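Chain naming here is simple, since letters A, B, ... match the order of the sequence lines and numbering starts at 1 in each. Keep in mind the model is a prediction, meaning the values are calculated, not measured.
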2 protein chains.
Amino acid sequence: MKKDSAVELSGVKEIARRANVSIGTVDRVIHNRSGVSEKTKQIIQDIIKELDYQPNIMARRLASNKVLNFAVLIPAVSDETEFWAAPLNGIEQAENEIRQYGIKVEKYYFDLNDKQSFVNLTKQILKTAIDGVLLAPSFIDESLAFTKQCDQLKIPYVLINSDLPKQDSLCYIGPELFHSGYLSAHLANYAIKDNGKVLIINISREIDNHHHLLRKEEGFRAYFDDHDKKLTIVKDDIRQTDYASVASSLKELLKAHTDAEAIFVTNSRVVSVARYLQESDHQKVLLIGYDYLKDNLAYLKDGLIDFLICQKPQEQGYKGIMALYQNLVLKVDVEKNYFMPIDIITKENYQFYRN
Amino acid sequence: MKKDSAVELSGVKEIARRANVSIGTVDRVIHNRSGVSEKTKQIIQDIIKELDYQPNIMARRLASNKVLNFAVLIPAVSDETEFWAAPLNGIEQAENEIRQYGIKVEKYYFDLNDKQSFVNLTKQILKTAIDGVLLAPSFIDESLAFTKQCDQLKIPYVLINSDLPKQDSLCYIGPELFHSGYLSAHLANYAIKDNGKVLIINISREIDNHHHLLRKEEGFRAYFDDHDKKLTIVKDDIRQTDYASVASSLKELLKAHTDAEAIFVTNSRVVSVARYLQESDHQKVLLIGYDYLKDNLAYLKDGLIDFLICQKPQEQGYKGIMALYQNLVLKVDVEKNYFMPIDIITKENYQFYRN
DNA sequence: TTAAACCACGTGTACGTACCCGAAGATAGA
DNA sequence: TCTATCTTCGGGTACGTACACGTGGTTTAA
């Protein structure tokens with residue numbers, strides 16, 4: 001029952017004692033509710049500042065029996081969008097950690113092939129009472145419409161994986177694409193002789209987030225420009241993403257460019273290139289691609305893929321939820337732009353990597 | 001006052017209701033204190049299992065007014081040991097996060113040049129009442145003596161940065177050295193022609209943790225063995241770490257090996273090598289070293305250092321404290337060995353790196 | 001002058017758990 | 001049979017905060 005008197009006690013009770021008021025009044029000031037005279041309000045606020053009062057979060061969440069509802073709107077995971085399994089994983093991890101604090105996370109998955117599914121889900125979300133949103137804005141215009149409504153309803157939202165320019169989001173968490181391409185070029189450069197040749201391969205359907213791939217390509221090219229490297233860059237777009245189609249495209253491409261020393265694949269479909277190289281028994285080329293996925297790792301291990309660039313997709317989901325939590329529960333400011341590190345994964349370090 | 005009846009209520013109260021006992025009795029079972037008959041104990045335990053009861057951590061910490069004391073014993077930060085600023089930073093970050101939960105962290109800094117300072121601090125720590133220890137076991141025998149006493153007192157301890165073999169620690173958090181050397185070799189290899197030459201440089205005083213550097217060197221050499229690479233590896237130990245001494249050693253070394261294509265420096269003192277290369281206007285060599293430190297980054301930016309290997313020192317501190325917290329407060333099992341990822345930092349990605 | 005309205009503030013209960021005290025009931029010894 | 005002791009359990013208070021309600025005092029209107 002006794003508290004060590006040496007313990008510096010803060011808390012509303014101490015504030016109330018010093019201000020000669022009841023804790024009720026202090027409470028009113030803290031939540032600036034009405035019903036307190038300017039004078040006592042000032043006194044209390046001064047004391048709060050002096051004591052540097054930090055409310056006890058646990059007691060607060062215990063007492064206020066409120067539940068905060070977060071909505072998550074991200075692409076569904078499929079064979080074609082395996083990437084999104086990782087952010088989802090991170091989201092669920094965060095969910096488990098903060099469930100204790102009265103946070104509920106409702107997840108909505110849209111079809112990356114179906115804009116309408118996205119729109120429908122945004123409508124559905126807005127019908128429910130939510131306190132925060134985590135959004136992967138794959139469809140730009142539709143996302144803008146959604147975030148606009150969130151702004152009106154004063155619902156904070158966090159964007160992950162791709163940004164929406166000039167939006168009033170709480171923050172953006174995701175990759176900085178240009179530099180990942182730029183870095184890839186640096187790595188590729190070790191294999192490219194002067195006047196050598198490098199291939200850039202985009203393997204994606206129209207629907208995919210094309211802007212992403214373009215930025216990476218820009219970064220890749222910029223490196224060689226900046227370093228006055230003389231070389232030939234050949235770029236190919238492959239629009240059919242099934243393996244058979246990719247293989248036949250590659251066959252032609254590689255026949256035309258037998259002298260290519262390095263290949264840069266702008267996304268995780270580097271796996272198809274690796275597979276083709278292996279099956280066709282192609283001579284060794286430096287191969288760089290994206291993402292820490294199981295299939296990719298297999299080829300990394302085999303030495304067909306030299307470098308995988310990865311930007312912690314799982315942590316993107318984790319940080320996204322945590323940003324909402326920190327803002328809404330802890331009332332802390334969060335970084336406006338949280339760019340994920342650009343990690344280089346090789347045969348030698350992949351086993352220690354954490355998504 | 002009313003709870004939504006749809007809310008599934010768990011909690012001791014519900015358990016007590018179902019078991020037809022008071023919450024006091026349930027409480028006794030949960031903390032398996034004495035004073036409960038076998039019969040009711042069984043009943044209550046069954047109900048706990050059935051409901052998958054998870055105690056409310058907030059209420060728990062609120063009610064039990066206990067304070068947990070953690071002791072941290074790490075090297076003091078100095079010009080020579082700038083590295084330790086990062087773990088310390090992570091420790092303080094963790095401290096801030098869990099202060100709310102009644103955790104107090106007391107930090108003790110020993111002098112890496114002075115074994116006795118380490119021993120004295122261990123004695124001092126053992127005099128106070130502590131619940132957990134975070135330890136950087138720089139001095140092996142002295143650390144073993146200390147951990148032995150911790151074992152006897154049933155105080156869990158976490159080791160960071162270097163491991164102590166076969167100790168009953170809660171966990172080890174730190175680098176896996178061999179593979180970081182192995183990875184470095186892979187990177188170096190891009191610059192080394194067949195029958196080429198590479199230099200390994202250890203710059204460290206006797207007192208430094210020599211074992212660390214050795215493991216890295218082993219990994220580095222192993223790569224070339226595994227890949228049947230024909231090359232010459234020249235190794236040099238520089239025992240005087242002031243710049244003037246290093247410079248004069250390097251001068252001789254590089255004069256004798258003008259054909260070296262790559263240099264691998266086994267720790268953060270790569271900065272001295274970079275500086276020497278710059279000042280002596282040496283031809284470009286691939287230079288690989290360790291740690292995300294300000295001086296190193298400057299040379300990375302200038303292109304004198306090509307790769308820095310880094311193993312998230314800040315996160316080591318953070319995770320170390322958190323491991324104690326998770327074990328002692330949340331009563332969760334923690335990974336026995338948490339090896340940090342082996343990160344590759346270049347001119348292109350350093351700005352996005354998070355320690 | 002008195003009731004109604006309003007302002008400023010105090011009080012009490014609740015959140016879910018920990019822990020202490022004491023009350024029944026059972027058991028044992030005389 | 002009566003008391004002493006032990007076992008088993010219920011009840012109460014506390015942790016720090018949120019919030020509903022109540023209370024005393026002042027101002028306003030009839």
#### Entry: Atom-to-atom span, NZ of A:K39 to P of C:dC9 - whole angstrom
8 Å

### Task
Find the distance A:L62:CG to C:dT13:C1' and express it as a whole number of Å.
14 Å

#### Entry: Value in whole Å for how far the P atom of D:dG11 lies from NZ of B:K13
14 Å

### Query
Looking only at side-chain N and O atoms, does A:S37 come under 4.0 Å of OP1 or OP2 in C:dC9?
yes

### Query
With nearest nucleotides of DNA chain D determined for A:H31 and B:V36 from heavy-atom distances, which residue corresponds to the more 5′ nucleotide?
B:V36

### Which nucleotide in D:dT17, C:dG16, C:dG10 has an atom nearest any side-chain atom of A:I23
D:dT17

#### Entry: Nearest-Å distance for atom pair CZ/P, residues B:R60 and C:dC15
19 Å

### Message
Students often get this wrong, so: under 4.0 angstrom with heavy atoms, is B:R61 touching a base, only sugar-phosphate, or nothing?
### Response
nothing

### Residue-phosphate contact under 4.0 Å: B:T25 side-chain N/O, D:dG10 OP1/OP2
yes

### Query
In whole angstrom, what separates A:K41's NZ from C:dC7's P?
14 Å

### Task
Would you mind classifying the nucleic acid contact of A:K66 as base, sugar-phosphate or nothing, using non-hydrogen atoms under 4.0 angstrom?
sugar-phosphate

### A:Y157-A:F146 aromatic ring centre distance below 6.0 Å
no

### Task
Could you work out which one of D:dA18, C:dC21, C:dG10 sits closest to the side chain of A:S22?
C:dG10

### Query
Starting at CG of A:N56 and ending at P of C:dG16, how long is that distance when rounded to a whole Å?
16 Å

### Query
Is there a donor-acceptor pair under 3.5 Å between the side chain of A:D131 and the backbone N or O of A:N69?
yes

### Candidate nucleotides D:dT8, C:dT17, C:dC9, ranked by approach to the side chain of B:Y53 - the nearest
C:dT17

### Message
Using every non-hydrogen atom in the two residues, find where B:H31 and B:R60 come nearest and quote the distance to one decimal.
### Response
NE2-NH2, 4.3 Å

### Task
Take atom CG of A:D27 and atom C1' of C:dT13, then tell me their distance rounded to the nearest Å.
14 Å

### Message
I need the single residue from A:E92, A:R99, A:Q100 that forms a side chain to side chain donor-acceptor pair (under 3.5 Å) with A:N96. Which is it?
### Response
A:R99

### Query
Is any side-chain N or O of B:T40 closer than 4.0 Å to OP1 or OP2 of D:dC9?
yes

### Message
Does a side-chain N or O of A:S64 approach OP1 or OP2 of D:dA18 to a distance below 4.0 Å, or not?
### Response
no

### Query
B:R33 has a side chain; which of C:dC19, D:dG10, D:dT17 sits nearest to it?
C:dC19

### Query
If only side-chain N and O atoms of B:Y101 are considered, is one of them under 4.0 Å from the OP1 or OP2 phosphate oxygen of D:dC15?
no

### Task
May I have the distance from B:I15 (atom CD1) to D:dG10 (atom C1'), rounded to whole angstrom?
17 Å

### Query
To the nearest 0.5 Å, how far apart are CD in A:E106 and CG in A:L73?
12.0 Å

### Task
Name the nucleic acid region contacted by A:G11, choosing base, sugar-phosphate or nothing; use a 4.0 angstrom heavy-atom cut-off, strictly under.
sugar-phosphate

#### Entry: Residue whose nearest DNA chain D nucleotide is more 5′ - B:G35 or B:A63
B:G35

